[in-house]
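Along the sequence shown, residues are numbered consecutively beginning with 1.
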Amino acid sequence: MRVVVCVKHVPDIQQPRSLRADGLLVRGGDDDTLNELDEDAVEAGLRTAEAAGFPAEGHDVTVLTVGPSAAVESLRRGLAMGASTAVHVHDDAVAGSDAIATARVLAAAVAKLHAEQPVDVVVAGMAALDGLTSLVPAALAELLGWPQLTLADRIEVADGVVSVRRETSTDVEELTAPTPAVLSVTDQAFRARFPNFKGIMAARKKPVTTWTLSDLDLAGTAVGAAGSATRVVNAAERPERPDRVLVTGDAETVPALVDYLSQKGFV
C-alpha cells in the first residue's frame, strides 16, 4: 500500500500574526510549525498503512508539502512520527498561491508519485489553521479525477476499495470508493502519536526529495497570484470591541459581573 499525506507549514496559531502590504499572511517566523490538523492526517495515514503491513517492504507513507525552505521542518515532523519518505515542492513562484493554485501543485506532485509507484490513498487534514478554507482536499480530488471522501473519522482499505465513516450533526454515514482516492479526516478520531527519540533521530536520515515547478511540468503562470482563482482585495486587523468590559479582582467583583450579564440578558 502507498499512502500520501499532504501537510502544511503554518504560523503558530498561538502567536501574533501580521499581514503584508498585499494582504497576505507574513510567513517564515521562528514559530512556524506543522499544521496541527495535519498531524491527525499523518496519524490517519500511518494507521491505514499499518493495517496493510507497513512498514514492511512494499508499503510506503509519504508526507508531501508545498512551501518555503522552512517547510522541511514539518516534513521532518511527519517522518519522526513514522512516515517513510517525504517530498518538498519548493519554488519561489508558488508564493501567494490560493487554495486552488496550491491544489494544482499538489495534484501534479501526487500524479508524479503515482506514476512512479501507484498511490492508494491521499490523506489531508480537515483544514489548514492559517486559512481555514477546507478547500484543498476537494480541489485536489477534482484535479486528479479521483473520488473524494471527506471528514472521515474511520478508514479501511481492502481489495481496491476505501471505506470511511463520517459523522454529521444528524447522521452517521458509511461511504466507499475505489482507490486511488482523496480523503480528509476530522480532528476527533486520529489522535496523533508523539514522536519518540528513536523516531526523531531516524527522521534525520530519511530521504526528503525536493521538486521545483519544472520537475512537475508546471508553468509559473499556473501558480502564485497569476494562477489563483481568488485574490485579497483588502485586509485589516480586527479592531478592538468598543463595548468590551473587563472585570478584574476577587470574589467581591462577582456581583458586578452578575449585574452586567443580567443587563445583557445572559442570566
salt_bridge(Glu39, Arg77) N-O dist < 4.0 Å: yes

Residues Lys8 and Asp130 bridged, charged N to O under 4.0 Å: yes

Trp211: ring-ring contact (aromatic ring centres under 6.0 Å, His included) partners, not counting sequence neighbours: none

Residues, nucleotides or ligands: over 12 heavy atoms within 6.0 Å of Glu142 CD: no

Whether Arg166 side chain and Glu174 backbone form a donor-acceptor pair below 3.5 Å: no

Basic-acidic side-chain contact under 4.0 Å: Glu36, Arg191: no

Remaining members of hydrophobic cluster (4.5 Å side-chain criterion), Leu143: none

Distance, nearest 0.5 Å, that separates CG of Leu79 from CD1 of Ile200: 12.0 Å

ILVMFWY cluster membership beyond Ile100 - transitive side-chain contacts under 4.5 angstrom: none

Which residues share a salt bridge (Lys or Arg N to Asp or Glu O under 4.0 Å) with Asp153, sequence neighbours left out: Arg165

Under the side-chain contact (heavy atoms from CB on, under 4.5 Å) test, residues paired with Asp91 that sit two or more places apart: Ala93, Val94, Thr212, Leu213

Donor-acceptor under 3.5 Å (Ser228 side chain, Ser97 main chain): no

ring-ring contact (aromatic ring centres under 6.0 Å, His included) contacts touching residues 71-120 (sequence neighbours left out): His88-His90, His114-Trp146

Salt bridge flag under 4.0 Å for residues Asp60 and Arg2: yes

